[in-house]
2 protein chains.
Amino acid sequence: MEYNQKQLTIINAAEALFAEQGFVGTSVRDIAQKADVNIAMISYYFGSKEKLMEAVFQLKSEKIKLKVDSLLADDSLFPIQKVHALIDDYLARFCKHQIFHRIILREKLAENETSIGTLLMEMRLKNLEAITKLIQQGQEEGSFKASIDIPLAMLTMVGVLNQMLTSIPFYQKVHHLEHLTEDELSGHVQQVFSDHLKNLFNKILLK
Amino acid sequence: MEYNQKQLTIINAAEALFAEQGFVGTSVRDIAQKADVNIAMISYYFGSKEKLMEAVFQLKSEKIKLKVDSLLADDSLFPIQKVHALIDDYLARFCKHQIFHRIILREKLAENETSIGTLLMEMRLKNLEAITKLIQQGQEEGSFKASIDIPLAMLTMVGVLNQMLTSIPFYQKVHHLEHLTEDELSGHVQQVFSDHLKNLFNKILLK
DNA sequence: TGAATTCAAACAAACGTTTAATTTTGCCCC
DNA sequence: GGGGCAAAATTAAACGTTTGTTTGAATTCA
């Protein structure tokens with residue numbers, strides 16, 4: 001699907017507002033105002049608020065599955081290094097597309113059989129498939145444990161990352177990091193969680 | 001605060017609906033219908049939808065902080081056993097009060113300066129305080145590492161538990177557990193996550 | 001000139017809340 | 001114990017807003 005500049009403006013405005021206030025919490029008028037377009041343009045281009053949400057989701061989730069495939073084919077890295085690279089990739093993605101992942105989390109909480117919910121399950125299954133291959137490489141190579149609950153490992157990583165999203169202010173407060181700029185804080189948190197997750201996965205995966 | 005039976009009926013209906021559809025996604029009419037009371041009773045008893053939400057939150061979070069204190073005083077357990085007990089307690093709580101924890105997660109995502117958001121931060125700080133004492137016992141006793149990022153450890157546990165809440169259908173699907181009843185599934189998942197978390201925290205905490 | 005875009009205005013439906021009338025309840029005094 | 005009565009509880013209806021969407025005319029563009 002191709003979108004013109006105006007449509008992309010609307011999609012980006014919607015993404016930000018959906019992430020901040022939720023789907024039902026965001027009115028079409030809010031979106032129109034933020035995107036600086038007339039209200040009617042949203043129905044005109046997307047048909048409905050629901051369809052707009054689908055467009056947001058589809059556009060933003062398109063590019064998400066490529067990394068694992070490139071890692072799978074990379075012969076220059078040890079399996080555990082690939083996992084580390086994957087962690088950093090996920091981490092960067094979560095930080096860069098925070099708002100998008102907030103939407104996903106919101107939708108997972110809703111769990112109503114929305115059209116988004118179905119897209120979401122498909123995405124998770126594909127991700128699991130790819131990650132399974134990655135871990136199997138490590139098992140065949142001999143450095144990984146033979147018995148690993150891969151879905152559980154995946155849930156652990158995503159769970160910690162989601163928690164990071166919703167807990168940065170808390171983490172900042174308890175570690176007295178109020179003096180940092182937003183970017184410094186983000187970088188710091190990213191480093192902390194990168195180390196933490198790699199450490200965790202060494203222990204989960206390695207013999 | 002004391003509530004009569006009718007008020008409790010309303011609070012419980014609201015809790016379920018807020019968890020399922022979110023705060024904005026739930027109308028006062030929905031709540032009234034589910035609780036089988038007249039619409040006006042909600043304003044009559046609680047003043048507003050917002051105040052009703054506060055009542056839900058307050059009532060359900062009252063009993064949440066007691067466990068840690070009792071563990072702290074217990075001399076019959078090793079520090080790591082206390083942590084294990086805490087994990088099982090959290091886990092049971094998350095499973096039993098799923099819907100309530102969904103609300104909390106939703107509110108953390110919103111992060112607007114609502115009255116609930118403030119209550120939430122206070123709760124987390126209190127929990128952190130208690131858990132810090134628990135871990136310090138282990139450090140002084142010598143079995144725990146000297147350098148532990150306690151907030152990070154806490155976020156890890158809560159993150160994994162939250163992820164469990166939103167991922168049970170996914171976990172069921174990928175492990176082909178469709179033949180289990182809802183209770184069997186819940187029990188199974190609880191056991192898996194209990195083992196997983198204890199294992200994880202052994203590695204995070206112990207020397 | 002004809003199709004695509006933009007706009008202010010209007011639409012019905014749903015929202016949270018209030019009103020004013022009615023019923024139920026609890027309690028005092030005879 | 002039972003009538004009287006004020007407070008509490010409950011109701012249907014209506015309130016004014018805000019919601020998502022549509023309309024039809026105006027404008028832009030090719």
Side-chain angles (χ1 to χ4, degrees), chain A residues 1-59 103 106-107 109-110 112-117, chain B residues 1-59 103 106-107 109-110 112-117:
Chain A
M1 190 61 182
E2 296 276 318
Y3 297 109
N4 63 37
Q5 194 51 53
K6 198 134 218 164
Q7 286 172 300
L8 289 175
T9 308
I10 295 174
I11 288 179
N12 287 327
E15 183 197 12
L17 290 173
F18 285 159
E20 198 178 332
Q21 318 176 7
F23 179 71
V24 264
T26 303
S27 75
V28 180
R29 283 169 179 80
D30 290 342
I31 300 170
Q33 185 177 9
K34 176 143 193 164
D36 197 29
V37 300
N38 187 278
I39 273 206
M41 302 310 294
I42 287 166
S43 289
Y44 178 71
Y45 276 127
F46 298 96
S48 70
K49 185 185 172 188
E50 179 92 24
K51 294 265 181 62
L52 170 58
M53 168 69 134
E54 286 175 38
V56 170
F57 193 88
Q58 200 163 329
L59 184 70
I103 298 183
R106 273 186 179 278
E107 281 298 311
L109 277 172
N112 308 335
E113 274 304 324
T114 62
S115 49
I116 304 291
Chain B
M1 191 60 182
E2 297 275 319
Y3 297 110
N4 64 36
Q5 193 51 53
K6 198 133 218 167
Q7 287 172 300
L8 289 176
T9 309
I10 294 174
I11 288 180
N12 287 328
E15 183 196 11
L17 290 174
F18 286 158
E20 198 179 333
Q21 317 175 7
F23 180 71
V24 263
T26 303
S27 74
V28 180
R29 282 169 180 81
D30 288 343
I31 300 170
Q33 185 177 10
K34 175 142 193 164
D36 197 28
V37 299
N38 187 278
I39 262 212
M41 301 310 293
I42 287 165
S43 290
Y44 178 71
Y45 277 127
F46 298 96
S48 70
K49 185 185 172 189
E50 179 91 24
K51 294 265 182 61
L52 170 58
M53 168 69 134
E54 285 175 37
V56 170
F57 193 88
Q58 199 164 329
L59 185 71
I103 297 184
R106 271 185 181 281
E107 280 298 313
L109 276 172
N112 308 336
E113 273 305 324
T114 62
S115 49
I116 304 292

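Just so it is clear: chains get the letters A, B, ... in the order the sequence lines come, proteins before strands, and each one is counted from 1.
- Here the side chain of Ile39(B) is nearest to one of dA8(C), dA12(D), dT17(C), namely dT17(C).
- For CG of Asn4(A), the number of neighbouring non-hydrogen atoms (other residues, nucleotides, ligands) closer than 6.0 Å is greater than 12.
- Note: CD (Glu50(A)) to C1' (dT19(D)) measures 15 Å, nearest angstrom.
- Heavy atoms only, all atoms of each residue included: Thr9(A) and Ala35(A) are closest at CG2-O, 3.7 Å.
- Taking atom CG on Leu17(B) and atom P on dC15(C), their separation rounds to 12 Å, with Å as the unit.
- Spacing between atom CG of Asp36(B) and atom P of dA9(D) amounts to 18 Å, rounded to whole angstrom units.
- Taking atom CD on Gln7(A) and atom P on dA4(C), their separation rounds to 14 Å, with Å as the unit.
- Remark: Lys6(B) is in phosphate contact with dT10(D), judged by side-chain N or O atoms under 4.0 Å from OP1 or OP2.
- Residue Ser43(A) has its side chain nearest to dT22(D) when only dT22(D), dT11(D), dG16(C) are considered.
- Side-chain contact between Phe46(A) and Ile11(A): present, with at least one pair of heavy atoms (C-beta onward) separated by less than 4.5 Å.
- Across the protein-nucleic acid pair, Asp30(B) atom CG and dT17(C) atom C1' stand 16 Å apart, rounded to whole Å.
- Comparing dT11(D), dT6(C), dT17(C) by their closest approach to the side chain of Ala40(B) singles out dT11(D).
- Among the protein residues, Phe46(A) comes within range of no part of the nucleic acid, since none of its heavy atoms lies under 4.0 Å from any strand.
- Which of dT21(D), dT17(C), dT22(D) sits closest to the side chain of Ser48(A) comes down to dT21(D).
- To the nearest angstrom, C1' of dT10(D) lies 18 Å from CD of Gln33(B).
- Taking the nucleotide of DNA chain D with the nearest heavy atom to each of Tyr44(A) and Asn4(B), the more 5' of the two is matched to Asn4(B).
- Of all non-hydrogen atoms in Ile103(A) and Glu15(A), the two that sit nearest each other are CD1-O, 3.6 Å.
- Checking the phosphate oxygens (OP1, OP2) of dT5(C), no side-chain nitrogen or oxygen of Asn38(A) falls inside 4.0 Å.
- For the pair Phe18(A) CZ and dG20(D) C1', the interatomic distance rounds to 12 Å; values are reported in whole Å.
- For the pair Phe18(B) and Phe57(B), the minimum side-chain heavy-atom distance is 4.5 Å or more.
- When each of Arg29(A) and Met41(A) is assigned the nucleotide of DNA chain C bearing its nearest heavy atom, the one mapping closer to the 5' terminus is Met41(A).
- For the pair Tyr45(A) OH and dA4(C) P, the interatomic distance rounds to 11 Å; values are reported in whole Å.
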